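One structure below.
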Amino acid sequence: SWGWRDAFFLYDFPLHPSHSVQVVTWNVASAAPTVDLNDLLQLNNQNLNLDIYIIGLQEMNSGIISLLSDAAFEDPWSSFFMDMLSPLNFVKISHVRMQGLLLLVFAKYQHLPFIQILSTKSTPTGLYGYWGNKGGVNICLKLYGYYVSIINCHLPPHMYNNDQRLEHFDRILESQTFEGCDIPNILDHDLILWFGDMNFRIEDLGLLFVQKCITRQYYHELWEKDQLNIAKRHDPLLQEFQEGPLLFPPTYKFDRHSNNYDTSEKKRKPAWTDRILWRLKRQAQASPFAYSLPTSYFSLTLKSYISHMMYSISDHKPVTGTFDLELNPVMSVPLITMMPDCLWTMENDMLISYSSTADFLSSPWDWIGLYKVGMRHINDYVSYVWVRDNQVSCGDSPNQVYINVSDIPDTENQFLLCYYSNNLHSIVGISQPFKIPLPYFLRHDELSEPEPQI
């Protein structure tokens, strides 16, 4: 198995390196995270080495008390996922919430300098466009230089609201504008990942026939009457969004704490309400006479598209899609290179050396954070310094800043240094893990004044 140092700074990229991405969508129906989610996150799959998690939840508890609590503290679902993923070297790099909708993005440490968060946005479509119980939330980012937009949505329910669902789909897409930013139109992004509780239903077929098809796994009999598949036959834009084959049972509606479809008086007809779609930007056709390799290459391949029947805290079953993302990095060198081998300590300070690329635009509000290995999110630092305020040297030689000894905890843990760019709202440089030598703490303790005795 790889050690910490093996997991970092694999910047000598092979041609079209592959990254594994797990997408999760789940309408949790106000339930709390009280179950083991190893299966949902594929943590039991020893053959899968994931790089990025993208998690979208719908119908989180959005009562006034819950919203006030989540504003002051981390919401329970975010904390739950961070507790599970941070020991595996995943960091929450961005999130956006709108009432019951939550979108989270986690990435492994080594990818952080190559992911820039460009924009987060909420688009309410409930109550004439003013209420966020329905709508979409979006995170726009650059991944190794490629534009990626991620949308988690909750569309209107009920069989008869199909036209309204399609209208809201278009409205969410049209609202993804980035005025004042040097970001292309969303339809020019290299990848759009769109998922959520889309609420599309199965038309025409009766309840008993649908149930019989599910029992016999004759899912193809139901595909033809799925409202999303019908809409794609007539809408050129929808046709550009791909989806894996629906080889799993409809994910709605179940009696809670069971695998039985709705047995209430309403007896809602089962449907594939929970979906994962994606759209790739059209690749320019290479000339047959061109002998050089294309400078950009971006390909997404679906490896699995499944539901997870074991989870029953909601009336929906979660759905996951696992993808292989192959790309030729447009950005292959981090904007900031931390130099851990240059770390050295004086009587009161630890010096940090780093270099930057020629095109990196620094800000007075840039900072360097000291983190314990296993950090949960970008603000989970032990200590930090403002780069401009604590700068010792700059210029052609490596830049140097210092952290005062009193800010460094006395511990045997491993640490990381991360450079945060205020202009890019992202980490743009990360060090290899290191330990602060124990004699450093002993020297500090000897220099400190004795505590008063009572």
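What you see is a predicted model, and the numbers here were worked out from it, not measured in a lab.
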query = With sequence neighbours excluded, what pairs up with N422 under the side chain to side chain contact (heavy atoms under 4.5 Å, CB included) test?
reply = S363, W365, D366
query = Residues in ring-ring contact (aromatic ring centres under 6.0 Å, His included) with F241, at least two apart?
reply = F169, W194
message = Can you confirm whether Y261 sits close enough to T263 that some side-chain heavy atom of one is under 4.5 Å from a side-chain heavy atom of the other?
response = no
ask   = Where is the tightest heavy-atom contact between G374 and Y109, given as atom of each residue plus distance?
value = N-OH, 2.7 Å
message = Applying side-chain hydrogen bond (donor to acceptor under 3.5 Å, both in side chains) to S78 and H95, what does each step give before you reach the verdict?
response = CA-CA 9 Å; S78 294; H95 77 283; over 6 Å; no
task = Report yes if some heavy atom in the side chain of S175 is under 4.5 Å from a heavy atom in the side chain of N138; otherwise report no.
result = no
ask   = Mind checking whether L48 and T322 have side chains closer than 4.5 Å, heavy atoms only?
value = yes
OH-OG distance between Y419 and S426, expressed to the nearest 0.5 angstrom = 13.0 Å
task = Under the ring pair (Phe, Tyr, Trp, His ring centres under 6.0 Å) rule, what do Y147 and F298 come out as? Steps first, then yes or no, please.
result = CA-CA 10 Å; Y147 287 96; F298 192 94; over 10 Å; no
ask   = Any side-chain heavy atom of L101 sitting closer than 4.5 Å to one from M60?
value = no
query = Measuring from M338:CE to S355:OG, what's the distance to the nearest 0.5 Å?
reply = 9.5 Å
key: Residues that L205 engages under side chain to side chain contact (heavy atoms under 4.5 Å, CB included), provided they are two or more places apart   = I202, F209, V210, L222, K225
I186 CD1 to C140 SG distance, which is reported to the nearest 0.5 Å = 7.5 Å
All pairs passing salt bridge (Lys or Arg N to Asp or Glu O under 4.0 Å) where residues 78-89 contributes a residue, at least two apart = D83-R376
message = Could you walk me through whether Y144 and H19 satisfy the ring pair (Phe, Tyr, Trp, His ring centres under 6.0 Å) test, starting with their C-alpha distance in whole Å, then the side-chain angles of each, then the deciding distance to 0.1 Å, before giving a yes or no?
response = CA-CA 11 Å; Y144 288 93; H19 308 288; 5.3 Å; yes
ask   = Looking at residues at least two apart in the chain, or sitting in another chain, which of them share a salt bridge (charged side-chain N to carboxylate O under 4.0 Å, His left out) with K267?
value = none
remark   = For S94 and I139 the tightest heavy-atom approach is OG-CD1, 3.6 Å
ask   = Can we call the ring centroids of W272 and Y252 under 6.0 Å apart?
value = no
note = One should read off an interatomic distance between K372 NZ and D380 CG, to the nearest 0.5 angstrom, of 9.5 Å
ask   = Would you call M159 and K269 a side-chain contact if the rule is heavy atoms closer than 4.5 Å?
value = yes
inquiry  = Centre-to-centre under 6.0 Å for F415 and Y371, is that the case here?
reply    = no
ask   = Can you check salt bridge (Lys or Arg N to Asp or Glu O under 4.0 Å) on E240 and K281, steps first, answer last?
value = CA-CA 9 Å; E240 296 181 9; K281 180 182 176 182; over 6 Å; no
request  = For S258, check side-chain hydrogen bond (donor to acceptor under 3.5 Å, both in side chains) against everything at least two apart and list the hits.
outcome  = none
key: Spacing of N47 atom CG and S20 atom OG [to the nearest 0.5 Å]   = 11.5 Å
ask   = Do the non-hydrogen side-chain atoms of L187 and R279 ever get within less than 4.5 Å of each other?
value = yes
ask   = How far apart are the C-alpha atoms of S421 and N423, what are their side-chain angles, what is the distance that settles it, and do they pass the side-chain hydrogen bond (donor to acceptor under 3.5 Å, both in side chains) test?
value = CA-CA 5 Å; S421 166; N423 290 332; 5.1 Å; no
task = For K108, enumerate each residue passing the side chain to side chain contact (heavy atoms under 4.5 Å, CB included) test, keeping only those at least two apart in sequence or located in another chain.
result = N49, F90, Q110, H111
R233/E224 under salt bridge (Lys or Arg N to Asp or Glu O under 4.0 Å): CA gap, chis, key distance, verdict = CA-CA 11 Å; R233 295 171 202 154; E224 295 297 317; 3.3 Å; yes
message = Going by salt bridge (charged side-chain N to carboxylate O under 4.0 Å, His left out), name the residues that satisfy it together with D51, two or more places apart in sequence or in a different chain.
response = none
inquiry  = Can you list everything that forms a salt bridge (charged side-chain N to carboxylate O under 4.0 Å, His left out) with D36? Sequence neighbours excluded, please.
reply    = none
query = Is a side-chain donor or acceptor of Y53 paired with a backbone partner of K92 at a separation under 3.5 angstrom?
reply = no
inquiry  = Are F178 and H189, when compared by the centres of their aromatic rings, separated by less than 6.0 Å?
reply    = yes
inquiry  = So F195 and I55, do their side chains get closer than 4.5 Å, heavy atoms only?
reply    = no
task = Could you tell me how the ring of H220 sits relative to the ring of W223: parallel (under 30°), tilted (30 to 60°) or perpendicular (over 60°)?
result = perpendicular
key: Residue pair L50 / L41: nearest heavy atoms and the distance that separates them   = CD1-O, 3.8 Å
remark   = Looking only at heavy atoms, the pair that brings D255 and D262 closest together is OD1-CA, 3.6 Å
query = Is it true that the side chains of S362 and R388 contain a donor and an acceptor less than 3.5 Å apart?
reply = yes
task = Dump the intermediate steps for side chain to side chain contact (heavy atoms under 4.5 Å, CB included) on Q164 and L155, then the final yes or no.
result = CA-CA 8 Å; Q164 191 179 31; L155 302 182; over 6 Å; no
task = For side-chain hydrogen bond (donor to acceptor under 3.5 Å, both in side chains), just list the numbers for N133 and Q99, CA-CA rounded to whole Å, side-chain angles, deciding distance to a tenth of an Å, and then say yes or no.
result = CA-CA 6 Å; N133 65 322; Q99 289 182 219; 5.4 Å; no
query = Under the salt bridge (charged side-chain N to carboxylate O under 4.0 Å, His left out) test, which residues partner R216, sequence neighbours left out?
reply = none
All side chain to side chain contact (heavy atoms under 4.5 Å, CB included) counterparts of L302, not counting sequence neighbours = W278, Y305, F323
note = From the list T25, N199, T273, side chain to side chain donor-acceptor pair (under 3.5 Å) with Q58 holds only for T25
query = Looking at H168, R165, E167, K134, which hits side chain to side chain donor-acceptor pair (under 3.5 Å) with T125?
reply = H168
query = Are side-chain heavy atoms of H316 and F254 found at a separation under 4.5 Å?
reply = no
ask   = For G135 and I172, which heavy atoms make the closest approach, and how far apart are they?
value = C-CD1, 3.6 Å
task = Just grab all the salt bridge (Lys or Arg N to Asp or Glu O under 4.0 Å) pairs involving residues 308-320, residues at least two apart or on different chains.
result = K253-D315
message = Using the rule given for side chain to side chain contact (heavy atoms under 4.5 Å, CB included), can you reason through D235 versus L166, listing the C-alpha separation, both sets of side-chain angles and the distance that settles it, and then say yes or no?
response = CA-CA 10 Å; D235 188 322; L166 295 171; 5.7 Å; no
key: From N38 atom CG to N44 atom CG, the distance as rounded to the nearest 0.5 Å   = 5.0 Å
